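This structure is a prediction, so every number in the text was calculated from the model and none was measured. Scope of the values below: all heavy atoms of this structure, side chains included, with no hydrogens, waters or symmetry mates.
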Amino acid sequence: ALNRTLLELGSSLAVVRGGSLHVIHAWRLVGESLLRRGRARPVSEQIDMMVVATRDRAEESLQRLVRGIDRSGADVVVHFEHGEPENVVPSVIDGVRPGVVVMGTLARPGLRGVLMGNTAEHILSNTVSSVLAAKPPGFTTPIDV
């Protein structure tokens with residue numbers, strides 16, 4: 001639901017600003033580096049097959065998500081990159097140089113997680129673009145006002 005919200009916000013901004021919607025998705029096989037360098041590691045071909053399967057699932061999910069949004073005339077460019085989000089996203093942002101970055105923030109425990117998650121915080125501190133950050137639908141702050 002958060003991804004859909006982000007794409008709708010980004011698409012709307014792209015239309016209003018007369019720009020393109022660049023969708024960045026970083027994918028990875030969790031634990032791949034440990035599998036490749038650990039003591040009890042599977043054969044390289046098995047790891048490669050796991051990486052391909054992970055990539056294929058991620059790409060299919062992303063395509064389904066992008067197809068499901070109302071583009072309202074906005075051009076959509078998909079950046080489907082292998083790697084950690086905190087590395088991939090700033091790199092793509094540096095190349096694209098968007099006017100506005102629309103991103104989601106999940107949460108980490110405690111008061112700091114109320115405002116921003118680790119990945120979002122890292123990306124925010126490594127970009128010069130304006131940022132529109134959104135929490136997942138139904139998010140309620142644990143802080144009493």
Side-chain angles (χ1 to χ4, degrees), residues 1-110 112-141:
L2 177 58
N3 289 335
R4 185 175 317 281
T5 298
L6 296 173
L7 289 177
E8 289 169 357
L9 287 169
S11 179
S12 296
L13 281 170
V15 169
V16 167
R17 296 173 59 101
S20 299
L21 172 64
H22 287 258
V23 178
I24 306 169
H25 181 78
W27 68 273
R28 70 194 188 315
L29 172 62
V30 176
E32 179 181 356
S33 61
L34 290 175
L35 288 171
R36 293 200 187 274
R37 292 192 298 262
R39 289 183 182 189
R41 61 179 180 243
V43 264
S44 183
E45 292 81 21
Q46 289 174 316
I47 300 170
D48 293 342
M49 287 175 22
M50 292 166 53
V51 169
V52 168
T54 300
R55 182 199 64 217
D56 291 348
R57 279 192 307 274
E59 188 171 26
E60 181 182 317
S61 295
L62 178 61
Q63 288 176 358
R64 190 172 43 251
L65 182 65
V66 170
R67 277 193 310 266
I69 64 163
D70 176 17
R71 298 172 188 198
S72 302
D75 290 329
V76 177
V77 179
V78 175
H79 303 269
F80 184 72
E81 305 288 334
H82 181 243
E84 299 289 335
E86 57 269 10
N87 298 325
V88 167
V89 175
S91 175
V92 173
I93 289 172
D94 284 347
V96 172
R97 303 188 80 55
V100 178
V101 173
V102 179
M103 58 189 271
T105 67
L106 294 176
R108 60 179 171 217
R112 293 184 69 198
V114 170
L115 302 175
M116 188 137 337
N118 285 334
T119 302
E121 186 176 292
H122 178 80
I123 292 166
L124 183 61
S125 67
N126 287 293
T127 185
V128 295
S129 300
S130 297
V131 175
L132 171 61
K135 286 289 195 184
F139 173 81
T140 55
T141 180

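At a threshold of 4.5 Å between non-hydrogen side-chain atoms, the residues Leu35 and Met50 count as touching. The side-chain heavy atoms of Pro137 and Leu2, taken from C-beta on, include a pair separated by under 4.5 Å. Residues Thr54 and Arg57 are in side-chain contact: their nearest non-hydrogen atoms beyond the backbone lie under 4.5 Å apart.
Taken to the nearest 0.5 Å, the CD atom of Glu59 stands 12.0 Å off from the CZ atom of Arg64. Distance CD1/Ile93 to CD1/Ile24: 5.0 Å, rounded to 0.5 Å. Taken to the nearest 0.5 Å, the OG1 atom of Thr127 stands 8.5 Å off from the CZ atom of Arg97. Rounding to the nearest 0.5 angstrom, the gap separating the CZ atom in Arg55 from the CG atom in Leu62 is 13.5 Å.
Of the possible polar contacts, none joining the Ser129 side chain to the Val101 backbone as a donor-acceptor pair under 3.5 Å is found.
Under the 4.0 Å criterion applied to side-chain N and carboxylate O atoms, Arg4 and Glu8 are not assigned as salt-bridge partners.
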Quiz prompt | Val51 vs Arg36, side-chain contact (heavy atoms from CB on, under 4.5 Å): CA-CA, chis, key distance, verdict | solution = CA-CA 11 Å; Val51 169; Arg36 293 200 187 274; 3.9 Å; yes
Quiz item: Stepwise, does the side-chain contact (heavy atoms from CB on, under 4.5 Å) test hold for Val89 with Glu84?
Solution: CA-CA 8 Å; Val89 175; Glu84 299 289 335; over 6 Å; no
Quiz item: Between Val92 and His22, does a side-chain contact (heavy atoms from CB on, under 4.5 Å) hold up when you go through it step by step?
Solution: CA-CA 9 Å; Val92 173; His22 287 258; 5.9 Å; no
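Smallest separation of non-hydrogen atoms from Leu7 and Leu21: O-CD2, 4.1 Å. The nearest pair of heavy atoms linking Ala134 to Leu6 is CB-CD2, 4.0 Å. In terms of heavy atoms, Ala58 sits closest to His25 at CB-NE2, 3.9 Å. Considering every non-hydrogen atom in both Pro90 and Pro85, the closest pair reads CD-O, 3.6 Å. When all heavy atoms are compared, the tightest approach of Gly10 to Val102 is CA-CG2, 4.1 Å.
Ring geometry for His82 versus Trp27: interplanar angle of 30 to 60°, hence tilted.
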